[in-house]
There are 2 protein chains.
Amino acid sequence: MGEPKLPKPTESELGILRVLWARGPSTVREVHEALADGGGYTTVLKLMQIMTDKGLVVRDESQRAHVYSARASEQRTQRQLVTDLVERAFGGSPARLAMQALSTKRTSPEELAELRKLLDAMEGEP
Amino acid sequence: MGEPKLPKPTESELGILRVLWARGPSTVREVHEALADGGGYTTVLKLMQIMTDKGLVVRDESQRAHVYSARASEQRTQRQLVTDLVERAFGGSPARLAMQALSTKRTSPEELAELRKLLDAMEGEP
DNA sequence: TTGCATCTACGAACCTCTTCGTATATACCC
DNA sequence: GGGTATATACGAAGAGGTTCGTAGATGCAA
C-alpha cells in the first residue's frame, strides 16, 4: 500500500522533473522555457505525455494548458537513484559511495558540519 | 594529456566491468559464467566487442580466446558515475549525495569511522 | 583426416529513448 | 465570423542499446 513503484526516470525526464521540483506545478510551456537545451516545444510535450503514462507526473487538465506536477518528491527520487547506483557500482555499500562523493570535490564547512551531525546521529542510534 | 575520456558505461557494460574488476583479465567465457543473468554467450561477446570499440576494455588477442581487461579502474569509473549523478540530480553538491546515501541504509561502525576520518582530513586541509 | 568443441565475427531484429513535423482543437481579438 | 496564436495528440524517424542466430575459423582428439 505504500507508494506505487515508479520507474527510474531517464536523463531527459530527470531534467523535466528538476524543473517541476523547482517551480512547482507547471505547464509544458513553462517547463520548456525553463529548460535551456530541452529541444523543441513538442519534444518537451511528448516527453511529459510519456511521463504521465509512466506515472512520473500527474496532469491537471482543467485548464486549456495542462498543468503537470511531479508525482514523487525530489528526495524520494534521489533516494531511488542513489540506491540504484549503490547496487550497480558500489557493491551495495552506501558508505563507499558517500566517500567517493566527498573525495570528488570540495565541500563547504556548513555541509561538513551537517555530515558530522548525521554521523553522530547514526552512531547514537544503532 | 591525462587519460582519454571514456564514455559512461551502460547498464550491461557496467555488469561486465564489475566482473573484470573482480576477476582481473578474463575471457568472454569466464565473464559469461560469472554473470548470472548476462544473457547468452554471444550476447556477452557482442557487448565486449562493442566495449572494445568504445575503449572501455582492452583486448589481448594473442590467445585463441581473447583476454579482456577493464581500461579504467573501478575507482575512476565510480568517480565518473558519482560526478554524473551529482550533476544530474543533486545540483552539483556531492555532500548532499553523500547524506542521501547514508540516510538510505545502515552503515557499519567501521565505515562510519572511515567517514569520520575523511571528514577530519577535509577540515584539516581546506 | 575427420569430426567435435569452442571461439570470433557479423548482421538482423527488437526495444527504448529522443526528436520533430503535422494535424487538429481551442481561446481570443478584431 | 474569421484569423491568429497557442494547445494537445499522433505518428514516424533516427540513434543507441540489447539479444541472438548463424557462419566461419581454429584447435584437438580419435
Side-chain angles (χ1 to χ4, degrees), chain A residues 5-20 23 25-69 77 80-81 84-85 88-89, chain B residues 5-20 23 25-71 77 80-81 84-85 88-89:
Chain A
K5 272 177 217 147
L6 297 181
K8 178 176 157 190
T10 67
E11 179 80 20
S12 307
E13 289 168 348
L14 188 54
I16 290 170
L17 287 175
R18 299 235 290 153
V19 174
L20 293 179
R23 290 188 33 93
S26 309
T27 64
V28 173
R29 176 149 306 278
E30 289 164 338
V31 170
H32 174 243
E33 276 163 7
L35 245 36
D37 58 335
Y41 176 86
T42 55
T43 300
V44 177
L45 169 64
K46 178 73 157 186
L47 284 171
M48 292 175 78
Q49 285 169 343
I50 291 173
M51 290 170 78
T52 305
D53 293 341
K54 291 186 183 176
L56 289 172
V57 296
V58 285
R59 174 168 55 184
D60 172 3
E61 308 184 358
S62 65
Q63 309 295 328
R64 180 158 104 95
H66 299 173
V67 177
Y68 294 79
S69 332
T77 303
Q80 181 185 13
L81 296 174
D84 181 67
L85 184 59
R88 287 191 299 119
Chain B
K5 271 177 217 146
L6 298 181
K8 177 176 158 190
T10 67
E11 179 79 22
S12 305
E13 289 169 349
L14 188 54
I16 290 171
L17 287 175
R18 299 234 292 153
V19 174
L20 293 179
R23 289 188 36 93
S26 308
T27 64
V28 173
R29 175 148 307 280
E30 290 164 338
V31 171
H32 174 244
E33 277 164 5
L35 246 35
D37 58 337
Y41 176 86
T42 54
T43 299
V44 177
L45 169 64
K46 178 74 156 184
L47 284 171
M48 292 176 77
Q49 285 170 344
I50 291 172
M51 290 170 78
T52 304
D53 293 342
K54 291 187 184 177
L56 289 172
V57 297
V58 284
R59 175 168 53 183
D60 173 3
E61 309 184 355
S62 65
Q63 310 294 328
R64 181 158 104 95
H66 299 174
V67 176
Y68 294 78
S69 331
R71 186 98 165 283
T77 303
Q80 179 183 17
L81 295 174
D84 182 67
L85 185 59
R88 286 191 300 117

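Order of the sequence lines fixes the chain letters, A, B, ..., with proteins taken first and strands second; residue numbering starts at 1 for each chain.
- For D/dG16, neither phosphate oxygen OP1 nor OP2 lies less than 4.0 angstrom from any side-chain nitrogen or oxygen of B/K8.
- The shortest heavy-atom contact between A/L35 and A/G15 is CD1-O, 3.8 Å.
- Taking atom CG on B/L45 and atom C1' on D/dT22, their separation rounds to 13 Å, with Å as the unit.
- The separation between A/Q49 atom CD and C/dC17 atom P is 16 Å, rounded to whole Å.
- Side chain of A/H32 to backbone of A/T42: no donor-acceptor contact under 3.5 angstrom is found.
- For B/R64, counting side-chain heavy atoms from C-beta on, the closest listed nucleotide (D/dA9, C/dC10, D/dA25) is D/dA25.
- Per the geometry, NE2 belonging to A/H32 stands 13 Å off P belonging to D/dT6, to the nearest Å.
- For the pair A/D53 CG and D/dT8 P, the interatomic distance rounds to 14 Å; values are reported in whole Å.
- Within the 4.0 angstrom heavy-atom criterion, base atoms lie near A/T43.
- What separates CE of B/M48 from C1' of C/dT8 is a distance of 13 Å, to the nearest Å.
- Closest approach of A/P9 to A/Q80, counting heavy atoms only: CD-OE1, 4.2 Å.
- Summarising the geometry, the separation between CD1 on B/I50 and P on D/dT19 is reported as 11 Å, rounded to the nearest angstrom.
- Counted within 6.0 Å of CD on A/E61, heavy atoms from surrounding residues, nucleotides or ligands total more than 12; the atom is thus considered enclosed.
- One can find a donor-acceptor pair under 3.5 Å joining the base of C/dG11 and the side-chain atoms of B/K46.
- Side-chain nitrogen and oxygen atoms of A/T10 include at least one within less than 4.0 Å of the OP1 or OP2 phosphate oxygen of C/dT18.
- Put simply, CD on A/E61 is 13 Å from P on C/dA27, counting in whole angstrom units.
- Remark: side-chain polar atoms of A/R18 are paired, donor with acceptor, to backbone N or O of B/R88 under 3.5 angstrom.
- Among the protein residues, B/S12 comes within range of the sugar-phosphate backbone only, with heavy atoms under 4.0 Å from sugar or phosphate atoms but none that close to a base.
- Closest approach to the A/Y41 side chain among C/dT8, D/dT18, D/dT8 is made by D/dT8 (side chain taken as heavy atoms from C-beta onward).
- Rounded to a whole Å, the CG atom of B/D60 is 15 Å from the C1' atom of C/dC7.
- Judged by distance alone with a 3.5 Å cut-off, no donor-acceptor contact links the side chain of A/R29 to the base of D/dT6.
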